[in-house]
> 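Quick one: structure below, then a few questions.
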2 protein chains.
Amino acid sequence: MKSKRQKTRQPSRRPSSTSAAYVSAIDQISAPIPYARNEVIFSQGEPADYLYKIESGCVRAFYPLDKGSRQVLAFYLAGDIFGLGAHDRHTISSEATTPSLIRVIRRKVLMGYGGDVAMSRHLLQLTAAELRRARDHNLRLLKGAQDRVIGFLREMVQRGQTQDEIELLMSRRDIADYLGLTIETVSRTFSRLEAAAAISLPSPWRIVLRDPSALN
Amino acid sequence: MKSKRQKTRQPSRRPSSTSAAYVSAIDQISAPIPYARNEVIFSQGEPADYLYKIESGCVRAFYPLDKGSRQVLAFYLAGDIFGLGAHDRHTISSEATTPSLIRVIRRKVLMGYGGDVAMSRHLLQLTAAELRRARDHNLRLLKGAQDRVIGFLREMVQRGQTQDEIELLMSRRDIADYLGLTIETVSRTFSRLEAAAAISLPSPWRIVLRDPSALN
DNA sequence: CGTCACATTGAACCTCTTCAAGCGCCGTGG
DNA sequence: CCACGGCGCTTGAAGAGGTTCAATGTGACG
């Protein structure tokens, strides 16, 4: 079903050690596929044959827990690559939190058939970056509810495009499952931050940073 | 300084996808160095030129927080390799929790000068394994105190050699900083598990699993 | 216009933290 | 050799913070 993509390969570019060439290579050997809200991208236990790059939208990576609850490990936004960290089969699941465009790339195509050195290193760097983000998130889970929410907002600001406004592409449940809180606590904390004039919420999915310094 | 080791290569084994060849290579190009209790192995911000493999003992990897407190991200035991996940400089610190023997290996030696494909992949697998453990730990931090402690015990059993007995190579403070609890809560939880006949504590650093099924 | 999913707000409960004291081990020094 | 002092572990009681249960509010869509 996806055989014709295979032949679209890099003609004359030699593999440099920078990441730029590979990022563009990913763009060239794949087409964006639309995913609906809450649509499954891959599930725990499935063969990890593909990598994914987000064109637009947002994805949650999570462990499914018993009876519908889940622990969200990470959010991926436009430009992010995910699906790493699996040897053979995926150990986590992932779904779109909002309608998204996502590029799907076969691992084997990326690696070349024999295994390309520079691409290996690139994947290693990406995985190492994931590791650092997972560790940072560990830190966040130790603090109180307010600090977790603030940390989340700062992460969104840092990774988003805008400086003083955040477009939340995920639900309160997603945020709560990410921060290890209940949706009630998340909502209450938002309200408290608004009362403290640190932020304002024109709508539940739009957050304006009124006093960015108050988030420290 | 490392020229003569290079020729010590596996004679007739072709670079298979298993790790065995590289693990033994690590053992051959390094000698164990003794570290004292609480001795610093590397600190946040230092150049990440080396990898480390534990011969015996235990190491804590952690983020230093303000005023002496710290978040322990992982423990490394005999056989484990650590120092991964850094591009250029270490983002975490690490210290021995107990007198330990640790092999120190230059990254560049491992990688060969041009970059060895299979070794790249091996490091990628190790980093991916670290990522999975960091994510598992994330999960653990969401549960209640008793589940965190039980999860810790199960991890120690799984990674240790013995089946029904655990030799704790780290202090209560290390455990508490790892689980995001206070030392009081850790101690209380141990006592409660002992009262419930799930474990027994002949000494503070020795735990006997009396009822392994009770840890589920 | 009604329904449904999601977000917000309130009050009681529960768990973990905090503060404080007591215990046991081991090394040092008289 | 014994006494002392320090460090780490244990245990107890009060307090804070988050969860739980419950009700209300609000926007999207048929």
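A, B, ... follow the sequence lines: proteins, then strands. Residue 1 opens every chain.
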> Check if the side chain of B:Glu184 and the base of C:dC19 share a donor-acceptor pair of N or O atoms closer than 3.5 Å.
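Present.
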> At under 4.0 Å between heavy atoms, what does A:Ser171 touch on the DNA or RNA strands: base, sugar-phosphate, or nothing?
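If one applies the 4.0 Å heavy-atom cut-off, A:Ser171 turns out to touch the sugar-phosphate alone, with no base involved.
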> Using whole Å, what does the distance between atom P of nucleotide C:dC6 and atom CG of A:Leu168 come to?
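Rounding to the nearest Å, CG of A:Leu168 and P of C:dC6 are 15 Å apart.
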> Has B:Thr185 got a side-chain N or O lying under 4.0 Å from the OP1 or OP2 atom of C:dC16?
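Indeed not, no polar side-chain atom of B:Thr185 lies that close.
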> Do B:Leu51 and B:Arg107 touch side chain to side chain, with heavy atoms closer than 4.5 Å?
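SC-SC contact between B:Leu51 and B:Arg107 confirmed.
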> Considering residues, nucleotides and ligands other than B:Arg210, do more than 12 of their heavy atoms fall under 6.0 Å from its CZ?
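No.
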> Please state how far atom NZ in A:Lys143 lies from atom P in C:dT17, giving the value in whole angstrom units.
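For the pair A:Lys143 NZ and C:dT17 P, the rounded distance is 16 Å.
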> Under 4.0 Å between a side-chain nitrogen and a carboxylate oxygen: does that hold for B:Glu46 and B:Arg89?
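No, no charged N to carboxylate O under 4.0 Å.
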> Tell me the interatomic distance from B:Leu201, atom CG, to C:dC25, atom P, rounded to whole angstroms.
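Rounded to whole Å, this separation is 14 Å.
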> In whole Å, what is the span from the CD atom of A:Gln146 to the P atom of D:dG17?
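In whole Å, D:dG17 P lies 10 Å from A:Gln146 CD.
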> Send over the distance from A:Leu142 CG to C:dT17 P, rounded to a whole Å.
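That distance rounds to 10 Å.
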> How is A:Arg37 classified with respect to the nucleic acid when contacts are heavy atoms under 4.0 Å: base, sugar-phosphate, or nothing?
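Sugar-phosphate, backbone atoms only, no base.
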> Are the charged groups of B:Arg188 and B:Glu184 less than 4.0 angstrom apart, N to O?
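Between B:Glu184 and B:Arg188 there is no salt bridge, as every charged N stays at least 4.0 Å from the carboxylate O atoms.
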> Can you find an N or O donor on one side and an acceptor on the other, under 3.5 Å apart, linking the side chain of B:Arg148 with the base of C:dT15?
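Donor-acceptor pair under 3.5 Å: no.
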> Ignoring backbone atoms, establish whether A:Ser187 has a side-chain N or O less than 4.0 Å from OP1 or OP2 of C:dA7.
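False: A:Ser187 side-chain N/O out of range (4.0 Å or more) of C:dA7 OP1/OP2.
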> Would you indicate which nucleotide in D:dT11, D:dT20, C:dC6 comes nearest to any side-chain atom of A:Arg188?
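Of D:dT11, D:dT20, C:dC6, D:dT20 is nearest to the side chain of A:Arg188.
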> Take atom CZ of A:Arg192 and atom P of C:dT9, then tell me their distance rounded to the nearest Å.
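Answer to the nearest Å: 11 Å.
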> Base, sugar-phosphate alone, or nothing: which one does A:Leu181 contact when heavy atoms must sit under 4.0 Å apart?
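Sugar-phosphate, no base atom in range.
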> B:Met170 or A:Thr182: which one's nearest nucleotide on DNA chain D is closer to the 5' end?
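In this pair, the answer is B:Met170.
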> Measure from CD1 on B:Ile183 to P on C:dA20 and round the result to the nearest Å.
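B:Ile183 atom CD1 is separated from C:dA20 atom P by 15 Å.
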> Return no unless some side-chain N or O of A:Ser191 is found under 4.0 Å from OP1 or OP2 of C:dT8.
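For C:dT8, OP1/OP2 do not have a side-chain N/O of A:Ser191 under 4.0 Å.
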> A:Ile175 CD1 to C:dT8 P: how many Å, rounded?
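About 9 Å, once rounded to whole Å.
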> Looking at B:Arg60 and B:Asp177, does any basic side-chain N land under 4.0 Å from a carboxylate oxygen?
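Result for this pair is no, no salt bridge flagged.
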> Can you see if the side chain of A:Arg172 gets near the phosphate of C:dT8 - specifically, an N or O under 4.0 Å from OP1 or OP2?
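Yes.
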